[in-house]
Amino acid sequence: MSTEIKRIAVFTSGGDAPGMNAAIRAVVRASIYYDKEVFAVYRGYEGMIDNDIVPLDARSVGNIIQRGGTILKSARSKEFRTPEGRQKAYENLKERNIDALVAIGGDGTFTGLHKFYQEFNIPVICIPGTIDNDLPGTDYTIGYDTATNTAVEAIDKIRDTALSHNRLFFIEVMGRDSGYIAINSGIAGGAIAAIIPEEKMTTDELIEMLDKSDKRSSLVVVAEGGKSGSAMEIAKQVNERFSYYDTKVTILGHLQRGGSPTYFDRVLASKMGIAAVEGLIQGKTDVMVGVRNHQIVYNDFETTMNKEREIDPELLRIAKILSI
Ligand SMILES: Nc1ncnc2c1ncn2[C@@H]1O[C@H](COP(=O)(O)OP(=O)(O)O)[C@@H](O)[C@H]1O
Ligand SMILES: O=P(O)(O)OC[C@H]1O[C@](O)(COP(=O)(O)O)[C@@H](O)[C@@H]1O
Ligand SMILES: [Mg+2]
């Protein structure tokens, strides 16, 4: 039988995402609500190794629900990838009698946490916080909605200038190996095409599409991690062979990671933060909180991380119909 959890530590790791603060707030307040002591680990696994750990109370997380980024700061830690680094991290937690961890991060964070659990048998739960929406086991990750809205806002602005000059714009969005931001911002922004990692589109196919179109200006959204190349490379290839348009490239980059979270991300983060604490209390470990059809689910590491997060085929169908 598992012993009662008394001290929970929360941290954010990997790329920051809007809504992480709302998740931290929910974890802290739910822990206190259930009479647990709660600690912050700063700078993700880096801070766990460096002993950057402090106690929190309900007021420590006031006035953060509306803020982007993460008040706990985030990091990508090389040292945590080594057994020695993880041992140091464990010693620091043990010194404070911390007996459970809540991580807010992406696939890398969850992979590191799984190793940590296997090595030290401390209960752990991951909350999916990444703009990429690349985690199987959840319909949405925290930050994805805000980042996609930011991309759409930028695309709308680019459309104004594209139309004024008869230009073809290639707009590169983030997502690492996932095309979710690209496909949805492409549909919402009225792009002629979204080039995503999950689907191959050749330069020939793209040129054929542009050639057939009678549009005076066009927008193409390109996901950063695609096999067809970066927006810059694709634009260069198109430009060399198709001269109807004046071609321009905009890389949205890290502006997609910032800003105040949408209502959707705040509510999602609040639900997931509470679910993480309740999951730990119920004895769940080595799981990632998710939402499936609006219901909270707990996904265990082995079944979740062995799957690919596939792109919804309905989105591809919609994008194709609307691109004519
Ligand atoms: N295979 C691994 N073993 C141990 N730690 C890992 C592993 N993969 C990732 N991590 C840790 O998790 C951190 C966050 O992962 P990263 O891929 O950068 O971001 P995200 O969690 O957003 O996907 C890494 O910097 C590293 O410290
Ligand atoms: O901010 P960095 O370290 O340059 O990383 C950029 C990457 O981080 C992301 O913004 C978020 O990815 P993670 O959540 O997996 O860190 C990706 O879309 C992008 O490829
Ligand atoms: Mg990731």
Side-chain angles (χ1 to χ4, degrees), residues 10-20 23 41-50 52 68-70 72-90 101-120 124-138 140-148 150-151 171-185 196-198 221-226 230-231 251-259 261 265 269 286 288-289 301-302 304-309:
V10 60
F11 62 98
T12 49
S13 165
D16 61 288
M20 277 186 164
V41 179
Y42 283 91
R43 294 179 292 114
Y45 295 127
E46 284 282 303
M48 207 179 284
I49 293 167
D50 297 345
D52 200 354
T70 158
L72 300 186
K73 305 205 180 290
S74 195
R76 302 194 199 272
S77 167
K78 280 208 182 102
E79 209 181 340
F80 195 79
R81 290 176 185 271
T82 67
E84 298 75 27
R86 294 194 291 275
Q87 182 69 42
K88 261 199 239 170
Y90 178 69
L101 290 178
V102 177
I104 306 166
D107 53 342
T109 300
F110 194 19
T111 306
L113 201 60
H114 172 66
K115 276 202 182 146
F116 198 67
Y117 168 69
Q118 284 184 318
E119 288 167 351
F120 303 107
V124 296
I125 283 201
C126 188
I127 296 174
T130 166
I131 64 165
D132 294 349
N133 208 33
D134 59 351
L135 281 153
T138 188
Y140 300 103
T141 59
I142 297 166
Y144 162 66
D145 184 70
T146 307
T148 308
T150 301
I171 303 157
E172 186 173 291
V173 298
M174 277 186 167
R176 207 181 284 277
D177 303 318
S178 163
Y180 264 99
I181 297 177
I183 192 81
N184 272 326
S185 65
I196 58 170
E198 294 85 348
V221 177
V222 183
E224 62 176 347
S230 67
I251 298 167
L252 297 186
H254 286 81
L255 74 82
Q256 295 159 96
R257 287 246 294 266
D265 275 330
D286 200 24
M288 183 193 80
V289 178
F301 182 87
E302 302 295 350
T304 309
M305 298 310 279
N306 287 335
K307 283 192 206 133
E308 283 280 302
R309 173 78 157 104

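Read the numbers this way: they start at 1 and go in the same order the structure lists the ligands and their atoms.
- At the shortest separation from atom 5 (O) of ligand 2 among protein heavy atoms lies R76 NH2, 3.0 Å.
- Short contacts between ligand 1 and F80, defined as distances under 4.0 Å to a heavy atom of the residue, involve ligand atoms 4 (C), 5 (N), 27 (O).
- Short contacts between ligand 1 and G106, defined as distances under 4.0 Å to a heavy atom of the residue, involve ligand atoms 20 (P), 21 (O), 22 (O), 23 (O).
- Looking only at N/O/S atoms, D107 comes nearest to the Mg ion (ligand 3) through OD1.
- The nearest heavy-atom contact from the protein to atom 26 (C) of ligand 1 is S77 O, 3.4 Å.
- No part of Q256 comes within 4.0 Å of ligand 2, judged by heavy-atom distances.
- Contact check for Y180 versus I196: no side-chain heavy atoms found under the 4.5 Å cut-off.
- Residues G44 and S13 come closest through the heavy atom pair CA-CB, 4.4 Å.
- T130 OG1, 2.7 Å is the protein heavy atom nearest to atom 14 (O) of ligand 2.
- Shortest contact from atom 8 (N) of ligand 1 to any protein heavy atom: R81 NH1, 3.3 Å.
- Near Y45, meaning under 4.0 Å from any of its heavy atoms, are these atoms of ligand 1: 11 (C), 12 (O), 27 (O).
- The residue among S13, G112, G129 with a heavy atom at the shortest distance from atom 6 (C) of ligand 1 is G112.
- In this structure, atom 9 (C) of ligand 1 lies nearest to the protein heavy atom G108 O, 3.0 Å.
- No more than 12 heavy-atom neighbours from other residues, nucleotides or ligands sit within 6.0 angstrom of OH on Y140.
- For atom 7 (C) of ligand 2, the nearest protein heavy atom (residue, atom name, distance) is R176 NH2, 3.7 Å.
- Protein heavy atom closest to atom 23 (O) of ligand 1, with residue, atom name and distance, is D107 OD1, 2.5 Å.
- Regarding atom 19 (C) of ligand 2, its nearest protein heavy-atom neighbour is E224 OE2, 3.3 Å.
- By the 3.5 Å distance cut-off applied to N or O atoms, G14 is not counted among the residues near ligand 1.
- With respect to the salt-bridge test (charged N to carboxylate O, under 4.0 angstrom), the residues D50 and R43 qualify.
- The shortest N/O to N/O separation between G15 and ligand 2 falls below 3.5 Å.
- Residue contacts with ligand 1 for T130 are absent, since no atom lies close enough (heavy atoms, distance under 4.0 Å).
- Taking the side chain as every heavy atom from C-beta outward, E198 and S178 approach each other to under 4.5 Å.
- Taking the side chain as every heavy atom from C-beta outward, L72 and V41 never approach each other to under 4.5 Å.
- Looking at atom 21 (O) of ligand 1, its nearest protein heavy atom turns out to be T109 OG1, 2.5 Å.
- The atoms of ligand 2 that sit less than 4.0 Å from any heavy atom of M174 are 10 (O), 18 (O).
- The closest protein non-hydrogen atom to atom 8 (O) of ligand 2 is R257 NH1, 3.1 Å.
- Between D134 and ligand 2, no N or O atom pair is found at a separation short of 3.5 Å.
- Exactly one of T109, D286, T304 qualifies for a side-chain hydrogen bond (donor to acceptor under 3.5 Å, both in side chains) with H114. That residue is D286.
- A heavy-atom distance below 4.5 Å is not found between the side chains of Y144 and T130.
- Test I104, V102, I127 against T12 for side-chain contact (heavy atoms from CB on, under 4.5 Å) and you get one pass: I104.
- Contacts of K78 with ligand 1, taken as heavy-atom pairs under 4.0 Å, are absent altogether.
- Residue, atom and distance of the protein heavy atom nearest to atom 12 (O) of ligand 2 are D132 OD2, 3.0 Å.
- Between R86 and E119, some side-chain heavy-atom pair lies under the 4.5 Å cut-off.
- V222 and S230 make their closest contact through CG1-C, 4.4 Å (heavy atoms, listed as atom of the first residue, atom of the second, distance).
- Residue Q256 comes nearest to A151 through the heavy atom pair OE1-CB, 4.4 Å, listed as atom of the first residue, atom of the second, then distance.
- Residues T150 and L255 have side chains in contact (heavy-atom distance under 4.5 Å, counting atoms from C-beta outward).
- Of the heavy atoms in I131, only side-chain atoms (C-beta onward) come closer than 4.0 Å to ligand 2.
- Within the 4.5 Å cutoff, the side chain of P136 has no heavy atoms near those of the N306 side chain.
- Nearest heavy atoms, S74 versus G14: OG-O, 2.6 Å.
- F120 has its side chain within reach of Q87: a pair of non-hydrogen atoms, C-beta onward, lies under 4.5 Å apart.
- In terms of protein heavy-atom proximity, atom 18 (O) of ligand 1 is closest to R76 NH1, 2.8 Å.
- Nearest protein neighbour of atom 3 (N) of ligand 1, counting heavy atoms only, is K115 NZ, 3.2 Å.
- Remark: ligand 2 and G175 share an N or O pair separated by less than 3.5 Å (distance only, no angle test).
- Those atoms of ligand 1 that come under 4.0 Å of a heavy atom in G15, given as number and element, are 22 (O).
- Of all atoms in ligand 2, numbered sequentially from 1 with element shown, those under 4.0 Å from a heavy atom of H254 are 1 (O), 2 (P), 4 (O).
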Hey, mind stepping through T148 and N184 against side-chain hydrogen bond (donor to acceptor under 3.5 Å, both in side chains) and telling me if it holds? CA-CA 7 Å; T148 308; N184 272 326; over 6 Å; no

